Amino acid sequence: MKIATWNINGVKARIDTVVTWLANATPDVVCLQEIKSLDEGFPGSAFEDLGYTVATHGQKGFNGVAILSKLPIDDVRRRLPGDDGDEQARYIEADVVSGDSVVTVASIYLPNGNPIGTEKFAYKLAWMQRLEAHARDRLSHEMPLVMAGDYNVIPEPADARNPDAWREDALFQPESRSAWRALTALGFTDATRACDPAGQVYTFWDYQAGAWNKNHGIRIDHMLLSPQAADRLISSGIDRDTRGWEKPSDHVPVWIELSA
DNA sequence: ATGCCTTGTCGCACAAGA
């Protein structure tokens, strides 16, 4: 069972790119972020034609997350609990039926939080607290759980080509990294690091200043696995080449393979 | 020190991203 996550930076601008990647990568489940589309404007038929069931949680212009699945989806839950006043579409989770087991898959678009010292950074940290509380609740079920997406957190200096360039950035603040550690310490496995402990692997390169050509990347797209999912982890990878395609997203896909 | 690009919403720029 192959599960992937990709921040596509606009589903309408990226539809051909995503369809091409899907046809080659053939994931069973895909978490998308930054669809930048209302649910009713989401081009679901392009994915249904490839055999995917589509679940979206969108909003106008910004944010928006989705889950595509070739396997049956039992239940879909939208919005991160903990703040009924939060109107930003950044969380969707679904129970995916795989043979005799059910795997809960969450598609996460964690707030960027820049610039630091503003309400945006406070929103990011509050959102991370809500995510930790929700993750703690989900983990208590002791079921396979994969929380995948754009976390907008650089966990360690090794996760940036030039860590010093990110010292003042919300993605690399001590508070952001501390919240990440508190989340993972609940018992999650960082799939990319579990499979490639020392790798210089990045998932994002800015459109600006030739970041891709200079490999000035950061690792901010992550797949966190509950113990019951980690027990089934076979392999993990990053489809780095998509960043060099025509009309690329600034993020690239991250994926895992779980045993049946 | 700042912008560097890209997208979407409209509108003849701007916000937001990271």
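A note on names: the letters A, B, ... follow the listed sequences, proteins ahead of strands, and every chain is numbered from 1. Everything numeric here is computed off the predicted structure, so don't read it as measured data.
Taking atom C1' on both B/dT2 and B/dC12, the two are 25 Å apart, rounded to the nearest angstrom. Between the P atoms of B/dA13 and B/dA1, the separation comes to 30 Å (whole Å). Between B/dA15 and B/dC10, the two C1' atoms lie 12 Å apart (nearest whole Å). Rounded to a whole angstrom, the distance from the P atom of B/dA16 to that of B/dG11 is 15 Å.
Within 4.0 Å of A/Asn152, counting heavy atoms only, lie sugar-phosphate atoms of the nucleic acid but no base atom. If you check every strand for non-hydrogen atoms under 4.0 Å, A/Asn9 touches sugar and phosphate atoms only. As judged by a 4.0 angstrom heavy-atom cut-off over every strand, A/Lys120 is placed among residues touching the sugar-phosphate backbone only. As judged by a 4.0 angstrom heavy-atom cut-off over every strand, A/Asp150 is placed among residues touching the sugar-phosphate backbone only. Residue-level contact check: A/His216 touches neither bases nor backbone, having no heavy atom under 4.0 Å from any strand. At the heavy-atom level, A/Asn7 lies under 4.0 Å from the strands shown only through sugar-phosphate atoms.
Side-chain N/O atoms of A/Tyr202 and A/Asp159 include no donor and acceptor closer than 3.5 Å. A side-chain donor-acceptor contact under 3.5 Å links A/Thr5 and A/Gln33. One side chain, A/Asn114 or A/Asp169, offers a donor N or O that lies under 3.5 Å from an acceptor on the other.
Both A/Arg90 and A/Gln208 lie close to DNA chain B; mapped to their nearest nucleotides by heavy-atom distance, the more 5′-ward contact belongs to A/Gln208. Closest-nucleotide positions on DNA chain B for A/Tyr109 and A/Leu38 were compared, and the one nearer the 5' end corresponds to A/Leu38.
Rounded to a whole Å, the CG atom of A/Asn162 is 15 Å from the C1' atom of B/dA18. Taking atom CG of residue A/Asn63 and atom C1' of nucleotide B/dA18, one finds them 13 Å apart after rounding to whole Å. Here the P atom of nucleotide B/dA15 and the NZ atom of A/Lys36 are 15 Å apart, to the nearest Å. As a whole-Å value, the separation of A/Gln33 CD from B/dA16 P is 20 Å. Put simply, CD1 on A/Ile8 is 17 Å from P on B/dT6, counting in whole angstrom units. Distance, A/Glu34 CD to B/dG8 C1': 11 Å, rounded to whole Å. Atom pair A/Gln59:CD and B/dA15:P shows a separation of 17 Å (rounding to whole Å applied). Residue A/Asp250 contributes atom CG, which lies 8 Å from atom C1' of B/dA18 at whole-angstrom precision.
When the nucleotides B/dG8, B/dA18, B/dA16 are ranked by their closest atom to the side chain of A/Asn114, B/dA18 comes out on top. The listed nucleotides are B/dC5, B/dG8, B/dA18; the one nearest the side chain of A/Lys12 is B/dG8. Out of B/dG17, B/dT7, B/dT9, the shortest distance to the side chain of A/Lys60 is found at B/dT9. Distances were taken from every side-chain heavy atom of A/Ala209 (C-beta onward) to each of B/dG17, B/dC4, B/dT7; the shortest belongs to B/dC4. Checked against B/dA18, B/dA16, B/dT6, the side chain of A/Asp206 finds its nearest nucleotide in B/dA18.
Ring orientation note: the planes of A/Trp166 and A/Phe204 are nearly perpendicular, at an angle over 60° on the 30°/60° scale. Aromatic ring pairs are classed by plane angle as parallel below 30°, tilted from 30° to 60° and perpendicular above 60°; the pair A/Tyr151 and A/His222 is tilted.
For A/Arg14, a side-chain nitrogen or oxygen approaches OP1 or OP2 of B/dT7 to under 4.0 Å. The side chain of A/Lys247 contributes an N or O atom lying less than 4.0 Å from OP1 or OP2 of B/dT7. Within the structure, every side-chain polar atom (N or O) of A/His251 is placed at least 4.0 Å from both OP1 and OP2 of B/dG17.
Annotation: cation-pi pair A/Arg90/A/Tyr109 present, NZ/CZ under 6.0 Å from the ring centroid and within 45° of its normal.
Evaluated for a salt bridge (Lys or Arg N to Asp or Glu O under 4.0 Å) with A/Glu93, the options A/Arg78, A/Arg77, A/Arg79 yield exactly one hit, A/Arg77.
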